[in-house]
Amino acid sequence: MSVGIIMLVHTAFDRAEEVARHWAAAGCPVVFHVDKNVKDDAYYGFVKSMSDLPDTRFVKRHRCEWGTWGLVAATQAAAQTLLDDFPDVRHVYLTSGACLPLRPLQELFDYLDERPQTDFIESATTADVPWTIGGLDRERFLLRFPFSWRRQRMLFDIYVRFQRAVGYKRTIPNGVVPHMGSQWWCLTRQTLSAILEDPERKTYDRFFRKVWIPDESYFQTLSRLYSRQIESRSLTLSKFDYQGKPHMFYDDHLQLLRRSDCFVARKIWPFANRLYEAFLTDPDGAMKRTEPNPGKIDRIFAKAVDRRTRGRPGLYMQSRYPAEGRENGVTCAQYSIFEGFSDLFENFEPWLAKTTGARVHGHLFAPDRVEYSDGQTVMNGALSDSAKLRDYNKRAFLTSLIWNTRGERQCFQLGPMDEIEDIEWDIAKDPNAQISVITGAWAIGLFKSNRNFADIRKEAARLQQIESTHLNALRSEWAKARIRIWTMAEFIEAPMEPLQTIIDEIGRTRRKTLAEAPKMTDLKGFPQFLQSLKNQGMHPYLMGDFPIDPGKPDTQEPKPKPYLIK
Amino acid sequence: MASSTLSTAWLRYRLRWKRRRLLYRALRKRRQLSVVSDKTRLIQKEHIIAASTVRNEMVRLPYFLEHHRNLGVHHFLIVDNASEDGTSEYLAEQPDVSLWTTAHSYRLSRFGLDWLTWLQGQHASGHWCLTLDADELLIYPHYETRPLPALIEWLDRTGRQSFGALMLDMYPKGPVLDQPYAPGDDPTQTLSWFDGGNYMIQKQAPNQNLWIQGGVRARAFFSEDPRRAPTMGKVPLVKWHWRYVYVNSSHALLPRELNHLYDEMGGEKTSGILLHTKFLNTVVEKSAEEKERQQHFQNSALYEDYYDALLNNPDLWCEHSTRITGWRQLEAMGLMSRGNWI
C-alpha cells in the first residue's frame, strides 16, 4: 500500500483502535505513538488489542505536552519506523487518535496516486498567518521557550518578558525561513526522508527544541527545503476556536462533516457514536456523498467566534451582559421616538402607523401605565404594561421591547410628562434611536386642559424644566442618536417638510411624497395662553416665538364665532 | 487606585470569612441528617453528580430522575425533608440515589443548602455537580445530542468551573388546576408556555453575579412590587470543591469567580436553561402548604399576596406567551447561548 499512517494517541484507545482497524482493513500500515503520560497498563492493553494486526508498529514513547518538542520527537520516531519498515509507502499521513476518515479510503488513495510528488502540508510564513495566539508569532522562533505554557505559565511569561527586555534573539540556523501551519500533514517519502536524514538535522532539532509549539512549525519549515511540490493545505479538517483550542465534532455535526472536502476530520468526541458508525462501519451506504461545501463549514465556525467575542447586539441575557460602552449597540434595531407630535397633531399615531407600516405606541414611559399600541396590556415577549415593572429597570424594558420586536420597526411618543429620568441618556446615546422633538408642544395639553390657571402655571414651569434638561442630553457631545429638534413655532410654519424627512428615514415608503398630512390641532388662542403664562411671571421659551399680532393672517387669527347674547 | 486595591482586598477578605462561616454552618448542620440509603461508594472518578433537597415530590421525581439520567448524571445525592407522600421510599429504591432524611427546618438550613453543602463537600469534591430542585430540568444547547460529559469536557477545556442557567417558569394555557399531569410524563407537554422577553438584569456587588428577575411570576404576581420578584439566574453546574459554597439558594456562589458566567466585553458565553415546572396542577395545594409552613422565604409574611394569588387557581397564559419548541428556539430568543460551542 502506498499510504502509511502515523497515529499519535493519548486517550480514548477504543476509538483509536476502531479507526486504526479501519485504516488497516484498507491495507495501510499504521505506526502508533502513545504518550508517555499514559499509564503502563492502559498502554500494554492497547498494544495487546492491536497485536492481531501484522502491519502495525509501536514506537518509543515520548512525553507529549501541548506546545512542546515531545510531539515532534514522537512524529519523527514514528515516521522513521514507518519509512524503514514499510518500503512500499509513498505518502505518510499524520493523524491522531481523535481523527476520523470522512471519505472512503479508496478516494484518498486515488487522490494521492494522482499526485505522487505532492506534499500536503499547510505552511505559511509567520507574517502571513492570522491564527497566532498569545501575541507570539515571529517571536516563537526568536525567543527560547523552555517552560510549559500550560503548567508553568508564570515562568513562561516572565522568561518571555525577560528575553524581550534584554533584547535576546536567537539566530535561525542556515537562514531557513520559518513557516507555520496545521500540524496534520501528509508528506511524500522523498520529502520526509530528506528531513529525517538531513546531515544538519541535529542543528535543526536543537533549534526547534526551544521553539514554541514546534509541531506547528518543524515539518512546515523543513519541508520547504526539500519538497518538489507543496500544496499548502491540510487534508485534515481541523477547526480552532478564538483561543486556539481545537473544536470537537459531535453527532450533530454529521451533515456538516459530509459537506467537507477533507479526507479526515479531527477532533471527534470519543462518544460520538453516530459519527463513528456513519463514517467507519458502513463504507457504501453511510458515505452518502454530498457536494463538498467547505465554505459553509468555515462560515459556521467564523460565526461561532463572532458570537463568542461580539455577541448579538442589543441582547442582554444571563451570559451576555456588556459593560457600559461595550454593548456594540445599546439596542438591536432602529426605532423612532416622537416628542410633541401627538400633542400637535390630533391623529398622529394612526397617521404614522398608516404611513410607515411601523408599530406605533403611545407614551411608553407614561406615569400610570405603558401605552402600547392599540391599547394592548402586554407586548411581544410578554412584556407587561405595569409602570412599576417598567420603572424597576427602564433600560431592560426598552432593550427588551426592541429585541422582542425584531423585524418590526417600533415608534413611540415621549414627553416631559413621562418618566424619562433614567432612560433619556440611554436613548440619546443609542445610535439606533431616531429622535424627533417639537419643543414646547407639551404646552398644548395644558392649554386645552380644564385646570386652574395657578396649577397650569406650576405644571408648565415643571415640564419646561424637565424638557430643558432633556434637550441638554440630546444636544450633548455624547449623544449618538439621530436627533432633530424644532421649536413648536418653527415646526408649524412648515410641518410637511420635516415630516417627510422623518418618514423617509424610517424608510418603509421609499421616496413617496406624503399623500396625507396629519391633522393639526386647533391652536386658536394659544399665543394668548402663552402670554398669560408670561403675565403670571413664568417664561415659556421652548415653544419659540408666538407673537400676538391681531393683524397676522394665520390660524391664530380669531375667526368670527357665532355666540349668543342673553 | 491604591485605595481601590485596598478595598478590593478587604472585600475579598470579608467574603473569604463569609464563605468559611457558611462552611462551618454546613458542618454543624450535618448532624441533622440521618442516612437512609448511602450508595456513594458507587461514585467513580469521572462521574457527574446531582444534589437536591426535596419534600413531597413524588409527582415530579420520576421524570426529574429520568431526564437527568438521560443527560448523563451518574449519581444523585438527595436530602428528603420529611416527605409524607412516599418520596423517601421511592428514592431509597433507586439504584443511583443516595438518600438522607431530616425533619429540621428547611428555611434555617438556608433552604436546604447547608445540608447539601455538607454532602457535596463529602461526596462531590472534584466532580462536576448539579444542584437542582425537583421542579427544575436542565437543558442547554445541543443537549439532545451532547450529554453532560460532552458539556463538561468543553467547560474543562475552556477553563470554566461553573455553568449558568436561566430559570424559565413554564406554565399551561388555562387555569393551572385544570391541566392533567401523571408522574413520569414530560411536564413540558402541559407546561408548554413561557414568558420570552421580559427579563431584567442588574449586576450585583459584592458577589459579582447577575441578578436576573422577570418571567411570568414577575408579570403576574409582582407587578406592584418588582423588587420582590423571584430571582431567575442560577448556577446549577459547578466543578465542585469542598471549599465552595452557595450563598443564596443556587443563585450565586463563593468564591465569587464562580459567578462570572457572563461576558462583559460584548460576547456571549455558553449557558443553559432550567425549565421550572412549578406550575403543575399540584401548585395550588403546595402553595397552601408553603404558606402555612413559612419555609420558603426569609420574610414569608411579605409574600402572603403571592400565595393568595396562587391559591386562586390563576391562568398565567397571555396572548404574548411563547410556546416552547426546543432549545434552538430558546437560543434564538436569546434566553441562553451556545457561545462558540457549535
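What you see below is based on every heavy atom in this structure, not just the backbone, and it leaves out hydrogens, waters and symmetry mates. We name chains A, B, ... by the order of the sequence lines, and we start the count at 1 in each one.
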Selection from [options] maximising heavy-atom pairs under 4.5 Å formed with chain B:
| options | answer |
| --- | --- |
| A:Ala382, A:Ala304, A:Ala323 | A:Ala382 |
| A:Phe397, A:Phe301, A:Tyr316 | A:Phe301 |
| A:Lys388, A:Arg312, A:Lys245 | A:Arg312 |
| A:Ala396, A:Gly325, A:Pro322 | A:Pro322 |
| A:Thr309, A:Thr377, A:Asn380 | A:Asn380 |

remark   = Looking only at heavy atoms, the pair that brings B:Arg157 and A:Pro246 closest together is NH1-O, 2.5 Å
query = How far apart are the closest heavy atoms of A:Trp403 and B:Met333, and which atoms are they?
reply = NE1-O, 2.9 Å
Contacting region of [X] [heavy-atom separation from chain A under 4.5 Å]:
| X | result |
| --- | --- |
| B:Glu144 | neither |
| B:Trp211 | side chain |
| B:Ile201 | both |
| B:Thr322 | neither |

Engaged part of [X] at the chain B interface, taking heavy atoms whose separation is under 4.5 Å:
| X | answer |
| --- | --- |
| A:Gln318 | both |
| A:Glu324 | neither |
| A:Leu383 | both |
| A:Phe249 | neither |
| A:Arg406 | side chain |
| A:Leu256 | neither |
| A:Asn404 | side chain |
| A:Ser319 | both |

Rounded to the nearest 0.5 Å, how far apart are [atom1] of [X] and [atom2] of [Y]?
| X | Y | atom1 | atom2 | answer |
| --- | --- | --- | --- | --- |
| A:Arg307 | B:Asn340 | CZ | CG | 11.0 Å |
| A:Asn393 | B:Gln213 | CG | CD | 9.0 Å |
| A:Asp251 | B:His142 | CG | NE2 | 12.0 Å |
| B:Met265 | A:Asn328 | CE | CG | 12.0 Å |
| B:Glu153 | A:Trp269 | CD | CH2 | 8.5 Å |
| B:Asn198 | A:Leu401 | CG | CG | 11.5 Å |

task = Check whether the ring centres of A:Tyr250 and B:Trp341 lie less than 6.0 Å apart, and answer yes or no.
result = yes
Between [options], who has the most heavy-atom pairs with chain A when the cutoff is under 4.5 Å?
| options | result |
| --- | --- |
| B:His260, B:Glu331, B:Glu319 | B:Glu331 |
| B:Ala150, B:Cys318, B:Ser321, B:Gly196 | B:Ala150 |
| B:Met336, B:Arg146, B:Arg219 | B:Arg146 |

ask   = Does anything in residues 162-173 of chain B get under 4.5 Å of chain A by heavy atoms, and if so which residues?
value = B:Gly164, B:Ala165, B:Leu166
query = Among residues 227-234 of chain B, which ones touch chain A with a heavy-atom distance under 4.5 Å?
reply = B:Arg227
query = For B:His74, does the NE2 atom have more than 12 heavy-atom neighbours from other residues, nucleotides or ligands under 6.0 Å away?
reply = yes
inquiry  = Is it the case that atom CD in A:Glu421 sees more than 12 heavy atoms from other parts of the structure closer than 6.0 Å?
reply    = no
key: B:Glu264 and A:Arg326: CA distance, side-chain angles, deciding distance, salt bridge (charged side-chain N to carboxylate O under 4.0 Å, His left out) verdict   = CA-CA 7 Å; B:Glu264 291 194 282; A:Arg326 285 287 181 173; over 6 Å; no
request  = Please determine which of A:Arg310, A:Arg308, A:Arg320 meets the side-chain hydrogen bond (donor to acceptor under 3.5 Å, both in side chains) test together with B:Asp263.
outcome  = A:Arg308
key: Side-chain donor/acceptor of A:His253 to backbone N/O of B:Ile342, under 3.5 Å   = yes
task = On the 0 to 90° scale, with breaks at 30° and 60°, tag the B:Tyr262-A:Tyr321 ring pair as parallel, tilted or perpendicular.
result = perpendicular
